[in-house]
Peer 1: 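Here it is, the structure in full.
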Amino acid sequence: MYDDQRPVYLHFLDRELGKSVDFQVTAHLVEQLLKLLSLTCSTTFYCGISVIWENPALDADCRRFMALLGETDVLDAVSYNGTVEEFYESRQRLYAHDAERYPLYFVGGPDGLRAIRATLHKPQDTTSALLGDLEAWAAGLRPHVDSDSTTATALHVTEAALRARAGEAITYSFFHPFLLRAGGTPPDVGAIRRQISLAYSRHYLGFADGDIVTGVKGLSFFDGELSTSFPLYDVPLLFLLLDVAGLSPLVEQPWLARRTFWDPFLGGIRDADEYRIGATVRTILETAHLRLPPAVRGGSQYAARTRIASLIRQARHDVGTLFPRPLTAWQEDGSIAVPAAEALLASARASLEAIAALLRSGPSGTGHPEYGKGRGNPVDNVAAPKGRHVTPAGHRQPGSRLRLLLLTATQVETKCVLDTFAQVLGPREKPLFGEHTTYFRLGKAHGCDIYLAQSEAGASGPGGSILTAYDAFRFLDPALVVMVGIAFGAKPGEQQVGDILVSRQVVAYENQRVGGQGTPHRLVPRGDRVSASPRLLDRCRTVDVDWHLSTVHFGLLLSGEKLIDSADYLDQVAAQFGHEAVGGEMEGAGLYAAAYRQRKEWIVVKAISDWADGKKHERKVERQQLAATRAAQFVAALVTGGGLAPGLAQAGATVERDDIEPPHAERDAADGDTAGFGSANQESANS
């Protein structure tokens with residue numbers, strides 16, 4: 001039913017096509033459509049080089065954006081001619097009878113056409129293809145898309161004009177004198193205009209086996225005639241999904257205002273597997289379309305679009321709060337760093353994957369926006385393993401086990417946790433393999449099933465703590481999450497290597513305003529200062545009562561992407577928070593961001609391995625081993641001390657544990673690659 005990765009033909013750039021249905025394209029709309037497609041589709045776009053240069057609506061900024069798309073292999077301009085000079089000469093010959101409408105080919109020479117060059121050669125010239133198509137239409141060999149009663153004169157005029165043609169370009173201007181002599185009516189004019197546009201578009205679609213975007217206001221006449229993969233390239237639905245993902249401002253705002261995003265995005269980020277959202281967008285639209293009743297799927301695109309939009313909005317509501325906080329990564333001057341852009345796209349992809357998973361989890365073919373009612377919380381049906389029910393807050397129903405997830409970020413941390421828990425709980429079971437992450441099953445204790453997963457160092461990136469935590473929330477649905485491992489201490493006079501740091505709060509210290517003249521710059525912190533779970537904090541204090549292996553420090557933890565190993569820099573950062581911080585690390589900010597969005601209880605428990613003072617390399621292995629072991633031992637005491645699932649522990653309940661099953665194969669298999677804008681909530685169903 002769906003074709004894989006067809007290129008998108010930009011039919012809306014054709015001004016002749018627009019005139020046939022009284023549609024006027026604008027540079028603003030063209031830019032928005034190109035940005036929308038760039039963000040949501042993994043395929044390329046193409047059009048004839050002539051429609052770019054012959055469209056007076058395209059302003060300089062829009063042409064610059066199209067040139068950038070061409071330079072980054074996102075947009076291909078197609079030409080039958082081999083050089084600019086040949087193209088220019090052919091246009092002069094074809095449009096000699098209509099020079100006033102095409103002044104660019106008669107004033108200034110070919111140099112004006114070099115800013116955007118053709119990148120794709122088409123072996124058949126367009127004029128001969130149009131000639132054959134229109135001759136077939138006039139002879140009755142093609143179906144009439146307009147009623148027969150309004151095209152009789154149009155058919156006669158078309159046939160007569162083509163017989164009298166002496167090399168002119170096949171545009172409406174060529175047919176106009178013939179229509180005047182035959183007394184043609186406005187319906188005849190419209191019929192010829194639309195047939196020319198259909199023939200032109202079919203030629204380009206056939207050349208590249210392409211498809212068109214649908215849902216552009218004013219161009220709906222061509223949607224049913226030319227599109228073959230609806231709803232995969234439907235503008236209102238694509239914009240709705242970008243709005244869900246928190247990326248709609250990128251479409252709404254001028255590309256030049258966000259050029260520091262678009263340059264690296266088009267230059268490479270767009271094609272990186274970990275940041276591409278096209279596959280997830282495709283999954284959502286395919287799944288939602290298949291959920292519609294057959295009568296709706298086979299009916300009008302408007303009806304299907306309305307129902308799909310309702311399914312997406314319902315899924316967004318059922319998922320709960322969205323993952324991204326739109327454009328928080330933008331700096332005051334409108335710029336954005338590449339790592340921030342990558343994090344923004346990764347977060348958007350996570351949001352869309354949650355929507356896709358929810359849509360896949362429901363019964364197929366219901367076609368009803370309230371498909372989840374009567375089956376428990378729909379969020380639970382996405383993330384919870386088979387046979388389990390999870391409340392929105394992550395607390396289990398009576399009689400079931402609570403899951404505790406431990407997160408590490410280095411091999412030494414992981415090995416120390418595995419060794420420590422093997423001593424406490426016995427040999428671990430066979431691990432579970434998620435789509436991106438391995439989950440070690442460490443055992444059971446006081447009503448808890450304990451799991452361990454390892455992220456890469458840092459919060460962002462495809463393997464960072466934010467996405468690793470998010471994947472774990474979908475696969476395991478843990479109620480509690482503890483980040484365990486090593487950290488740097490911030491108070492060397494009061495602390496020792498191996499001392500435990502427990503996060504009363506975590507602050508993302510790199511989110512800051514840099515101002516002032518000269519050096520050092522004035523740094524103003526702007527990151528969130530988020531409190532850990534009160535329950536987990538209380539249970540850590542309980543462990544501290546009988547903990548004698550090292551000192552425990554409760555307080556503020558700094559969290560950022562930098563591996564700090566400079567006493568001066570650490571002092572500068574710590575000063576922003578009144579030297580209140582007890583230490584710092586690199587993954588906690590990612591954990592709290594993911595946990596906050598999913599309403600999970602979390603805390604960071606790490607032990608000091610160094611002081612971030614330029615001496616990390618000194619006895620590094622020995623100190624990290626000691627710190628990671630101490631942190632693992634503290635968390636083991638936290639788990640074995642009870643109190644994490646008090647209801648079960650106090651009742652003395654013994655519950656057999658159901659094995660967690662990986663996500664269903666059929667859901668994984670669905671993850672294939674895949675006019676005007678306004679409020680997505682208003683426009684999607686009304687376009």
Side-chain angles (χ1 to χ4, degrees), residues 1-3 6 8-12 14 17-26 29 32-33 36-37 40-41 143-147 150 190-191 193-194 197-198 201-202 205 210-244 248 251 281-317 355 359 364-371 674-687:
M1 181 175 184
Y2 302 103
D3 296 309
R6 281 189 167 190
V8 177
Y9 170 59
L10 306 179
H11 73 304
F12 52 83
D14 183 355
L17 180 144
K19 282 182 176 293
S20 72
V21 289
D22 289 332
F23 169 79
Q24 181 65 49
V25 74
T26 65
L29 175 59
Q32 286 189 317
L33 289 172
L36 177 71
L37 293 171
T40 57
C41 301
H144 303 160
V145 295
D146 297 292
S147 67
T150 62
R193 281 189 178 277
R194 287 187 286 276
S197 296
L198 285 170
S201 298
R202 280 194 290 258
L205 289 171
D211 204 351
I212 65 166
V213 295
T214 55
V216 179
K217 285 186 176 181
L219 294 181
S220 61
F221 174 88
F222 297 98
D223 290 356
E225 294 295 327
L226 298 175
S227 67
T228 56
S229 302
F230 176 85
L232 300 185
Y233 302 125
D234 192 69
V235 169
L237 294 177
L238 292 177
F239 187 75
L240 173 60
L241 289 174
L242 278 190
D243 192 48
V244 168
S248 55
V251 175
V281 166
R282 186 182 186 89
T283 296
I284 291 172
L285 294 178
E286 286 181 346
T287 304
H289 195 218
L290 290 172
R291 294 175 68 88
L292 302 181
V296 177
R297 288 205 305 271
S300 71
Q301 289 185 3
Y302 172 79
R305 177 185 300 121
T306 303
R307 299 289 284 273
I308 292 171
S310 295
L311 286 171
I312 292 171
R313 293 193 188 98
Q314 183 66 40
R316 174 174 62 180
H317 175 269
I355 300 293
L359 288 172
S364 62
T366 63
H368 196 285
E370 297 182 338
Y371 57 86
T674 65
F677 294 80
S679 168
N681 293 335
Q682 296 174 357
E683 300 287 1
S684 297
N686 298 321
S687 299

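Quantities reported herein were computed from a predicted structural model and do not represent experimental measurements. Start at 1 with the first residue, then count along the sequence.
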Peer 1: Could you tell me if the side chain of Val25 sits less than 4.5 Å from the side chain of Asp14, heavy atoms only?
Peer 2: no
Peer 1: Taking all atoms of both residues into account, what is the closest heavy-atom pair of Leu226 and Arg202, and its distance?
Peer 2: CD2-CG, 3.9 Å
Peer 1: So does Ala303 get a backbone contact from the side chain of Ser300, meaning a donor-acceptor N/O pair under 3.5 Å?
Peer 2: yes
Peer 1: At their closest point, which heavy atom of Val21 faces which heavy atom of Gly218, and how far apart are they?
Peer 2: CG2-O, 3.4 Å
Peer 1: With side chains defined as the heavy atoms from C-beta onward, is the minimum distance between Val281 and Leu238 less than 4.5 Å?
Peer 2: yes
Peer 1: Quick one: list whatever passes side-chain hydrogen bond (donor to acceptor under 3.5 Å, both in side chains) with Ser197, sequence neighbours left out.
Peer 2: none
Peer 1: Quick one: closest heavy-atom pair of Gly210 and Arg6, and the distance?
Peer 2: O-NH1, 3.5 Å
Peer 1: Using every non-hydrogen atom in the two residues, find where Leu359 and Arg291 come nearest and quote the distance to one decimal.
Peer 2: O-NH1, 2.8 Å
Peer 1: Are Leu33 and Phe239 packed together at the side-chain level, in the sense that at least one heavy-atom pair is separated by less than 4.5 angstrom?
Peer 2: no
Peer 1: How far apart are the C-alpha atoms of Phe23 and Leu17, what are their side-chain angles, what is the distance that settles it, and do they pass the side chain to side chain contact (heavy atoms under 4.5 Å, CB included) test?
Peer 2: CA-CA 8 Å; Phe23 169 79; Leu17 180 144; 5.7 Å; no
Peer 1: How would you list, by chain and number, every residue that makes a side-chain hydrogen bond (donor to acceptor under 3.5 Å, both in side chains) with Ser220, sequence neighbours excluded?
Peer 2: none
Peer 1: Between Ile284 and Leu311, is there a side-chain heavy-atom distance shorter than 4.5 Å?
Peer 2: no
Peer 1: Please report the interatomic distance CG(Leu292) to OG1(Thr306), rounded to the nearest 0.5 Å.
Peer 2: 10.0 Å
Peer 1: Kindly write out the residues that satisfy ring-ring contact (aromatic ring centres under 6.0 Å, His included) with Phe12, not counting sequence neighbours, or none if the list is empty.
Peer 2: none
Peer 1: To check you understand the geometry: which heavy-atom pair defines the closest contact between Arg305 and Leu237, and what is its length?
Peer 2: O-CD2, 3.8 Å
Peer 1: Is any side-chain heavy atom of Pro231 closer than 4.5 Å to a side-chain heavy atom of Glu286?
Peer 2: no
Peer 1: Please lay out, stage by stage, how Arg313 and Asp243 fare under the test salt bridge (Lys or Arg N to Asp or Glu O under 4.0 Å).
Peer 2: CA-CA 11 Å; Arg313 293 193 188 98; Asp243 192 48; over 6 Å; no
Peer 1: Looking at CD of Gln32 and CG of Leu37, how far apart are the two atoms once the value is rounded to the nearest 0.5 Å?
Peer 2: 11.5 Å
Peer 1: Using a distance-only test with no angle check, is there a side-chain donor-acceptor pair under 3.5 angstrom linking Thr214 and Asp223?
Peer 2: no
Peer 1: Looking only at non-hydrogen atoms, find the nearest pair between Ser20 and Arg194 and report the distance.
Peer 2: O-NH1, 3.0 Å
Peer 1: Using the side-chain hydrogen bond (donor to acceptor under 3.5 Å, both in side chains) criterion, which residues pair with Ser201? Sequence neighbours excluded.
Peer 2: none
Peer 1: Which is it for Tyr233 and Ile212 under the side chain to side chain contact (heavy atoms under 4.5 Å, CB included) test, yes or no, and what are the steps along the way?
Peer 2: CA-CA 7 Å; Tyr233 302 125; Ile212 65 166; over 6 Å; no
Peer 1: What I want to find out is whether Arg193 reaches Asp22 closely enough, with some N-O distance under 4.0 Å, to be called a salt bridge.
Peer 2: no
Peer 1: Do Pro236 and Asp234 have side-chain heavy atoms sitting under 4.5 Å apart?
Peer 2: yes
Peer 1: Decide yes or no for Ile312 and Leu241: does some side-chain heavy atom of the first lie under 4.5 Å from some side-chain heavy atom of the second?
Peer 2: yes
Peer 1: Looking at CD1 of Ile355 and CG of Leu240, how far apart are the two atoms once the value is rounded to the nearest 0.5 Å?
Peer 2: 9.0 Å
Peer 1: Check whether any side-chain N or O of Asp211 sits under 3.5 Å from a backbone N or O of Ser229 as a donor-acceptor pair, and report yes or no.
Peer 2: yes
